[in-house]
Each structure stands twice: as structure tokens, then as C-alpha cells.
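Below is one structure, written out as C-alpha cells; comments come after it.
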There are 2 protein chains.
Amino acid sequence: MTTARTPTGAAPTRGRRPGRSTGDDRELAILATAERLLAERAFGDISIDDLARGAGISRPTFYFYFRSKDAVLLTLLDRVIEEADAAAGDVLDRLAEDPRARWRELIGRFHATFGGHRALVLACAQVRGTNAEVRQLWAVVLERWVHAVETAIEGERRRGAAPDGLPARDLAIALNSMNERVWYATFAGDGPAVAERDVVDVLLDVWLTAIYRTVTPPQA
Amino acid sequence: MTTARTPTGAAPTRGRRPGRSTGDDRELAILATAERLLAERAFGDISIDDLARGAGISRPTFYFYFRSKDAVLLTLLDRVIEEADAAAGDVLDRLAEDPRARWRELIGRFHATFGGHRALVLACAQVRGTNAEVRQLWAVVLERWVHAVETAIEGERRRGAAPDGLPARDLAIALNSMNERVWYATFAGDGPAVAERDVVDVLLDVWLTAIYRTVTPPQA
DNA sequence: GACGCCAGTCAACACCCTGTCGAGTGGAAT
DNA sequence: ATTCCACTCGACAGGGTGTTGACTGGCGTC
């Protein structure tokens, strides 16, 4: 469920290029600066110089720690994904207990995680269009989540709680996609969007009707 | 339903700044070059110089015709939106005839329109993150479509074909959002995506279950 | 305790792209 | 013939990225 990691516990190898460790704080300072700046302006309006100055170093030195501006975002994204995976936990394994409550828990926890890093999430969504690495990372993560939901839907069908219908994978893709875009609109606040306090319930309702054809699926 | 336009019939005022008309072909050449180039590489990898050279003019001359690279995209987007509006027509007014068939027609036509300009649509989705004008245009258009769907759902509820449930607007937002993101994934081809030949049916199924709680809604 | 190594640092440079300015040019209207 | 203006582009300024090459200081080694 979680990605491979280096012995140090840090993300794979997105940070410092090859070597080791002492200017760890610098690296952390860059990441912190990025998340702070992201809260006040768009990713595209943040220059590498801003990141470097914010961390108390010069621009060339920045390149000692990260390959590019995007690499910083990638590292930050890694963390949020890890947080989301942890928050989701094993709810999907306990669906039969109380399907509605469990699905709500799942959606609610993702909502809380993404909502806690909205600036970062919005920046990633933007950069995904232009940066192959972010696109790739997101694709892998999404594939994992889609697969988990697909399996859960098949489980519900097998135990007779959900009717047959669309291929479970297609349904899982559609529902995950909906969540992604709806959250984006809600957090970005431009264009038509569901109010933040309602968004979990709205998403839940569509999930339940699409999976069970009812908003009150049967328990075990 | 359609946006205000100038007497000439060209899009509002995205193209040539103030004046009139003779270098019309240059303007058209820029637009054509943009759509051609978009088919072979990402928007960010196309420079204004590429556009200008492609249209047989110099870079400064480009600025006589368009304010920026993004303005070109905006003009192109205007056209596709117009095409989509035309394709959608009044299907939503004839829902009661055969709800499933009409909803399918609606989704199918949007699919065909966007699919016919996939490179452009993908570019717009990317740029929306960084360009306020594209974001704004898309927000306005989406609001119109959401509103149309919202009204249709309310109509179906009123005539007893659809049960009450989520506020129609929230449901309309969620479903439109899903379509947008699912199409994006299908056209972009990275990450988990529904196969192009299935995508209309998958979307339709989720729409019907969310709106009617069944995939076979009652006719008039 | 001199020596070398290497993580870490930055001034300066080369490059690319954007947007603007000002000086043209040629055809249509007067 | 003159004026006007749509249209054109060479040349510049500005800002961002990524790289190079020289320098520093701590630490292990002989």
C-alpha cells in the first residue's frame, strides 16, 4: 500500500541528489518555504530564487538540494499521499459492518487530508499538466486507490449487497475522478462548486447510488 | 445561451485588439498553427515564436493579433464551446420522451465534440490552472451547463420520474465534474482511465443511478 | 598537525522566452 | 500628391532557468 522507501525514512530519492546528510535543515527549510509560499500565491508565481532566499541560501545552492522547482512539489506531494493512505487505513476491509458509515469515513478522511493541504493539492493539480513526474506519481497513486475501490465494489457484489452493473473498475475510476474534480473546485473556489461543508455528503450520495442503487445499503 | 459577439461574427474581442479587418488570414493562420502544433506537443512547449513562424510572421507581429499565447487558446476554446452548445441543442427539453436515450444523447454529443478537439481541450485544462482568463471562461460555461442540468433534474423530480435527494445543483455539479475529469483521463491516456469506446456508457450509468436510482428511468 | 577529501556554497555566465518601442512600408481614401 | 493607418519587424530590456568553476571549512588519516 505504501511506496518503497530509503532506510532514512525520507521519501525515495526526490531530495538531495546522491550523497548524504548534514544540510538536512536546509532541505527542510526549502520544503517549508515552499508550502508557506504556496499558501499565498500560485506555484507558477514562485521562483526558485524565492524558495532559495526563503531558506536562506542562494539560487545555485538550491540546485544542490533539488533538481528543480517541481521536484520540491513532488516531495511535498509524496508526504500528503502518505498521509492520505494512512488516514484511509483499512476501512474498505470493514465495509460489511455498515457500508454507508464506512464509505463516508473513507471519503471524509480523504477530504480532511486534502483539505489540510489545499494549496499544495491545487498546485499539484496544476503542475500535473506540465510535469511528467507529477503526472506519473499521481497516476500510480490513483491506480492504487482505484484498485482498492474496485476490489471493495466486487466484494459488495459478491456478498449480495450491491447489484451487478458496470465493470467495477470503470465505476471505481468514474467515482474517484468525480471526487478529484469536485474537491478541486471546492478548494479552488472558482466556478461552480459544492460548499465545503456539504461536499462529503454529496459525494457519498453519488457513490452509494452508483454502487448500491440506494443511499441505504444493507449491512451484514 | 451563446456569448455576446461583435458585428463581424468573430469571437468577442479576443483576437485583433481594437480595429478592423484585412490581415484576417494572418489571424486565422495563427489559430490554425496553434491547433496543429497542439496536436504534436504540449502547450507549454510551444513558444510565441513557433506560432508566429508557423503563420509566416515575426514575433512582434504576433502581438498585433493576439495579446498573448493564452489569448490564442482562449479564442480556440470559444469555438469549441460554441460547437458543444450547438451539439447539445435542446435535448434536455425533451427528456420525458425517453430519459435514458436523451441523457445518452447529451453525454454522447459532448463526448464527440470534446473528442474532436482533444489536444485543445487538454491544453485548456492545463492552462486553466495558471491563466485567470481561461479559468474564468471555463467557470462561466460550466455554470451554464450545471444550471441546465440542475433544471432538468428538477423537472424530472417534478414529473415524478426521479426521486428527491441531493439538492439538484449539488448533484449537477458533481456529475458535470465527473464527466470533465473522466474525459480528461480518457483523452490524456495517462493514469487509470475508462476506454474511449465505453466512456459514454459508464458516465451515463452513473448519471442515471444518481438521478433516478435506476438505469431504466420511466418515460412520460 | 599537515594533508586531502568532500559536502556545501555562491558569483558569474549562457540561454531562452516574453513583451515593448520605435521606425518603417504600402495601399486606400481624400 | 498627400495623408492616414493597418500592418510589419529589428532591436532592446527584463526576468527566469540551469550550469560552471572556484572557494570554504570540518573531519578523518597517516
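FYI, side chains are in, hydrogens and waters are out, and symmetry mates aren't considered; it's all heavy atoms of this structure. Order of the sequence lines fixes the chain letters, A, B, ..., with proteins taken first and strands second; residue numbering starts at 1 for each chain.
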Interatomic distance where [atom1] belongs to [X] and [atom2] belongs to [N] [whole Å]:
{"X": "A/Y63", "N": "D/dT20", "atom1": "OH", "atom2": "P", "answer": "13 Å"}
{"X": "B/F66", "N": "C/dG19", "atom1": "CZ", "atom2": "C1'", "answer": "17 Å"}
{"X": "A/I57", "N": "D/dT24", "atom1": "CD1", "atom2": "C1'", "answer": "16 Å"}
{"X": "A/D25", "N": "C/dA7", "atom1": "CG", "atom2": "C1'", "answer": "13 Å"}
{"X": "A/R59", "N": "C/dC10", "atom1": "CZ", "atom2": "C1'", "answer": "11 Å"}
{"X": "A/Y65", "N": "C/dC10", "atom1": "OH", "atom2": "P", "answer": "9 Å"}
{"X": "B/F62", "N": "D/dA6", "atom1": "CZ", "atom2": "P", "answer": "20 Å"}
{"X": "A/F64", "N": "C/dG8", "atom1": "CZ", "atom2": "C1'", "answer": "5 Å"}

Within 6.0 Å of CZ in A/R41, more than 12 heavy atoms from elsewhere: yes

Residues from residues 44-56 of chain B sitting under 4.0 Å of DNA chain C, heavy atoms only? B/S47, B/I48

Salt bridge (charged side-chain N to carboxylate O under 4.0 Å, His left out), that's the test. Do A/E156 and A/R102 meet it? Break it down for me. CA-CA 12 Å; A/E156 290 297 88; A/R102 289 298 155 275; over 6 Å; no

Donor-acceptor pair between B/D78 and B/T75 side chains, under 3.5 angstrom: no

Do any side-chain nitrogens or oxygens of A/R26 fall under 4.0 Å of OP1 or OP2 in C/dT9? yes

Short side-chain N/O contact to C/dC10 OP1/OP2 from A/S58, under 4.0 Å: yes

Given A/V182, A/L203, A/V199, A/L106, the one that forms side-chain contact (heavy atoms from CB on, under 4.5 Å) with A/H111: A/V199

Any heavy-atom pair between the side chains of A/L31 and A/R79 that's under 4.5 Å? yes

Before giving the answer on salt bridge (charged side-chain N to carboxylate O under 4.0 Å, His left out), spell out for A/R109 and A/E83 the whole-Å C-alpha distance, their side-chain angles and the decisive distance to 0.1 Å. CA-CA 10 Å; A/R109 288 185 178 187; A/E83 193 181 325; over 6 Å; no

